[in-house]
Amino acid sequence: LPWSCVFFTGLYLLGYWVVFARRWPRGAVDRFKAASCCMSIVHGTSTSMAAAIYMLNLFHTASRLVAANTRFEEAIMEYSTAYFLVDLVHYLLFVPNQLLFVLHHVFTSSYMLSCRFYTGHGAFSTIVLFVVGENTSFLQNVWTISLLTHSAKLFNLLNVPFLIIFSIFRGVLTPWATWQLCLYFLFSREASAVVPFPLALYWMWSVFMGISGSLYWVSTHWAKLMSK
């Protein structure tokens with residue numbers, strides 16, 4: 001976890017001091033936001049791909065939900081938690097008015113930290129959520145950078161496809177996956193033996209809040225598009 005924090009901090013500084021150094025003056029808020037996108041592209045792309053490959057190599061996926069965390073599952077949780085913690089510091093320091101993203105990062109990181117260091121079980125649920133939740137990360141960050149840099153041609157090219165894909169993943173696939181996790185963690189006796197019910201309830205509530213925030217966010221951009 002500490003080394004992953006160093007890694008993502010390095011990516012953030014690389015984005016701020018090198019990649020976008022000539023685009024904005026020092027201290028510009030958009031320059032901080034673009035630097036955050038550098039971290040997010042690497043995190044989202046790598047975790048979604050690794051999680052998808054990991055799932056494809058498992059035949060009895062349901063049994064993994066309450067099995068003891070494997071070293072790979074713990075490693076990917078620490079790697080991902082590091083990203084959310086570093087990005088959370090970014091928001092608190094430079095974009096504190098983005099409450100939606102701050103709460104999302106708090107809920108997500110607390111979910112993974114408790115799964116990694118408290119229960120020792122349930123990490124496969126985070127793998128499932130990585131697959132359905134992070135697949136849009138690359139497209140979202142390119143879209144965000146095009147918006148920040150006022151690259152009208154690229155933004156107009158990506159805007160509608162991105163909003164459609166994001167809506168499908170966050171509005172259909174992620175809620176479906178979350179419902180399956182709810183059925184298992186909240187109503188399975190096997191799950192309650194290794195994950196306390198109050199904690200499982202918090203996990204599912206955290207994911208629900210994340211989905212709600214994502215849907216609210218994308219709906220505002222749909223509204224802007226329709227108004228034009």
Side-chain angles (χ1 to χ4, degrees), residues 1 3-16 19-20 32-56 72-91 95 98 100-113 115-116 123-149 154-155 158-159 161-175 177-178 206-207 209-211 213-218 221:
L1 181 60
W3 286 112
S4 294
C5 287
V6 172
F7 171 71
F8 283 111
T9 301
L11 286 177
Y12 185 85
L13 295 176
L14 179 67
Y16 185 84
V19 180
F20 299 106
F32 290 117
K33 291 180 179 179
S36 173
C37 288
C38 290
M39 291 194 301
S40 186
I41 286 177
V42 174
H43 166 259
T45 305
S46 57
T47 53
S48 61
M49 290 181 62
I53 294 172
Y54 183 70
M55 283 188 66
L56 289 174
F72 172 81
E73 292 167 348
E74 291 180 345
I76 197 171
M77 278 196 299
E78 292 180 19
Y79 173 81
S80 190
T81 300
Y83 158 72
F84 284 111
L85 292 177
V86 174
D87 206 39
L88 178 60
V89 173
H90 150 76
Y91 278 106
V95 204
Q98 295 291 326
L100 197 64
F101 288 92
V102 169
L103 291 176
H104 173 271
H105 286 15
V106 170
F107 290 140
T108 304
S109 56
S110 61
Y111 182 163
M112 290 188 290
L113 285 171
C115 183
R116 167 65 179 92
F124 189 73
S125 64
T126 66
I127 300 294
V128 174
L129 294 172
F130 286 147
V131 172
V132 295
E134 294 293 339
N135 267 304
T136 58
S137 180
F138 180 83
L139 186 60
Q140 180 178 354
N141 283 285
V142 174
W143 175 88
T144 301
I145 292 173
S146 71
L147 183 62
L148 293 172
T149 57
L154 179 59
F155 178 79
L158 294 177
N159 194 27
F162 163 67
L163 293 179
I164 292 173
I165 294 172
F166 189 91
S167 299
I168 292 173
F169 271 90
R170 299 300 177 94
V172 180
L173 298 180
T174 305
T178 303
S206 297
V207 179
M209 293 300 293
I211 293 172
S214 295
L215 293 179
Y216 172 77
W217 180 83
V218 76
H221 288 285

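Basis for what follows: all heavy atoms, side chains included, without hydrogens, waters or symmetry-related copies.
If you look at W143 and F166, their ring centroids are not closer than 6.0 Å.
The shortest non-hydrogen separation linking F162 to T136 is CE1-O, 4.5 Å. Among all heavy-atom pairs drawn from C115 and M77, the shortest one is SG-SD, 3.8 Å. Nearest heavy-atom pair, R170 versus L215, reported as atom, atom and distance to 0.1 Å: O-CD2, 3.8 Å. Here the closest non-hydrogen pair linking A123 and T126 is O-OG1, 2.5 Å. In terms of heavy atoms, G213 sits closest to L100 at O-CD2, 3.5 Å.
Of the residues listed (S46, S48, S80), the one engaging F130 in a side chain to side chain contact (heavy atoms under 4.5 Å, CB included) is S80, and it is the only one. Among Y91, Y216, F107, F84, the one residue that satisfies the ring pair (Phe, Tyr, Trp, His ring centres under 6.0 Å) test with F101 is Y91.
Panel note: side chain S137, backbone S40; a donor-acceptor pair is recorded below 3.5 Å.
For the residue pair Y83 and T47, no side-chain donor N or O sits within less than 3.5 Å of a side-chain acceptor on the partner.
Note that NE2 of H221 and OG of S167 are 11.0 Å apart. Values are rounded to the nearest 0.5 Å.
Relative orientation of the F8 and Y79 rings is tilted, given thresholds of 30° and 60° on the angle between their planes.
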